[in-house]
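A quick write-up on the structure given underneath.
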Amino acid sequence: MTPVILLAAEKESAEVTDWAARIGWVVGLVLFVALVYWLMREGWRWRGTLQGDLPELPSRPSTATTPGGGGEPPLPGMPDDPGRARLSMSGRYHGSTTAGQWLDRIVAHGLGTRSRVELTLTDAGLDVVRPGAEDFFVPADALRGARLDKGIAGKVLTEGGLLVVTWAHGERLIDSGFRSDHAAEHNEWVETLNHMINKTEGAR
């Protein structure tokens, strides 16, 4: 066999070997990603199981859920009439954690799902409407505080880029993080919420 033929055969063999190695790497990478995704999913489920003591979230008031509208009686802490809107905001919901522990994510009842959000503050409480995720309502007497922060549940923003609302539910204190489409609104929300909370606590 001539040297030219030998070189051609070696080159063809090398190319076949390279393709096999690449395919092996791709398959291995896909399997690794699938394993990581599965572990994350199982961890999420396990965390939800551990938080099984968290009560169902009150739904926001509506004519369909009040006796006057022909519905069932409202859930505990959910008013018949939410009252006039003090503030409203469009933005994003970035998650909830155990109060004071910004990495201890709460996933039960959909609280771990990030989404768009429409916030409305009334005399009755905080109405949280989330397209594509579960809505919930925080009664006024469950609100505990509001502040500006920069991170929650693995999401880090610029200093003061996050509105964090602390509220009580069941036996837990929860921090929920929101970011307005217009961050300049955050200060007004903090001031109004804390004023409302102080007024509510003073009336108890």
Side-chain angles (χ1 to χ4, degrees), residues 54 57-63 65-66 74-170 172-204:
L54 193 69
L57 300 174
S59 301
R60 74 181 191 275
S62 72
T63 55
T65 57
T66 57
L75 295 172
M78 189 180 77
D80 292 340
D81 182 6
R84 68 177 181 83
R86 291 190 176 195
L87 291 174
S88 60
M89 181 179 87
S90 296
R92 293 199 66 82
Y93 168 78
H94 285 293
S96 293
T97 66
T98 299
Q101 302 179 41
W102 74 288
L103 291 178
D104 187 19
R105 183 193 295 270
I106 294 178
V107 303
H109 307 307
L111 287 176
T113 304
R114 291 176 180 169
S115 63
R116 290 288 303 172
V117 71
E118 297 288 336
L119 285 184
T120 304
L121 180 65
T122 69
D123 292 337
L126 184 65
D127 186 12
V128 184
V129 179
R130 300 190 296 157
E134 186 176 351
D135 301 338
F136 61 95
F137 181 79
V138 182
D141 60 3
L143 293 167
R144 294 292 182 268
R147 69 181 188 274
L148 297 182
D149 214 322
K150 64 178 181 180
I152 192 169
K155 181 67 176 180
V156 179
L157 300 166
T158 57
E159 189 68 42
L162 199 67
L163 168 66
V164 177
V165 179
T166 303
W167 52 289
H169 186 55
R172 291 177 182 260
L173 275 181
I174 298 173
D175 281 345
S176 292
F178 307 93
R179 179 171 174 80
S180 172
D181 290 335
H182 306 285
E185 297 177 337
H186 289 174
N187 286 323
E188 184 181 9
W189 273 83
V190 170
E191 292 175 5
T192 303
L193 274 165
N194 285 328
H195 177 74
M196 180 175 171
I197 291 165
N198 291 335
K199 186 176 179 181
T200 301
E201 290 178 348
R204 289 174 185 171

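Residue numbers start at 1 and run along the sequence shown.
Looking at heavy atoms from C-beta onward, Ile197 lies out of side-chain contact with Arg144 at the 4.5 angstrom threshold. The shortest side-chain heavy-atom distance between Leu162 and Ile152 falls under the 4.5 Å cut-off. Using a 4.5 Å heavy-atom threshold, the side chains of Phe178 and Leu119 count as touching. Inter-residue side-chain proximity for Leu148 and Val190 is flagged as met; some heavy-atom pair is nearer than 4.5 Å. Within the 4.5 Å cutoff, the side chain of Leu54 has heavy atoms near those of the His169 side chain.
Asp127 and Thr120 share no donor-acceptor pair across their side chains, judged by distance under 3.5 Å alone.
Smallest separation of non-hydrogen atoms from Met196 and Asp123: CE-O, 3.5 Å. A pairwise comparison of heavy atoms in Ala133 and Thr113 identifies CB-CG2, 4.2 Å as the closest pair. Among all heavy-atom pairs drawn from Arg130 and Val117, the shortest one is CG-CG2, 4.0 Å.
Judged purely by atom type and a 3.5 angstrom limit, Asp149 has no side-chain atom pairing as donor or acceptor with the backbone of Val164. Looking only at distances, a side-chain donor or acceptor of Tyr93 sits under 3.5 Å from a matching main-chain atom of Leu111.
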**Report entry** Audit row: Asp135, Val128, side chain to side chain contact (heavy atoms under 4.5 Å, CB included) steps and yes/no
**Finding:** CA-CA 6 Å; Asp135 301 338; Val128 184; over 6 Å; no

Report task. Would you check, one step at a time, whether the test side chain to side chain contact (heavy atoms under 4.5 Å, CB included) holds for Leu173 with Thr98? Result -> CA-CA 6 Å; Leu173 275 181; Thr98 299; over 6 Å; no

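Taken to the nearest 0.5 Å, the NE2 atom of His186 stands 5.5 Å off from the CG atom of Leu163. Rounding to the nearest 0.5 angstrom, the gap separating the CG atom in Leu87 from the CE atom in Met89 is 9.5 Å.
Among pairs with a residue in residues 174-183, those fulfilling side chain to side chain donor-acceptor pair (under 3.5 Å) read Ser96-Ser176, Arg116-Asp181, Arg147-Asp175, Thr166-Asp175, Trp167-Ser176, Ser180-Glu185, at least two apart in sequence or across chains.
Heavy-atom neighbours of Glu134 CD from other residues, nucleotides or ligands within 6.0 Å: above the threshold of 12.
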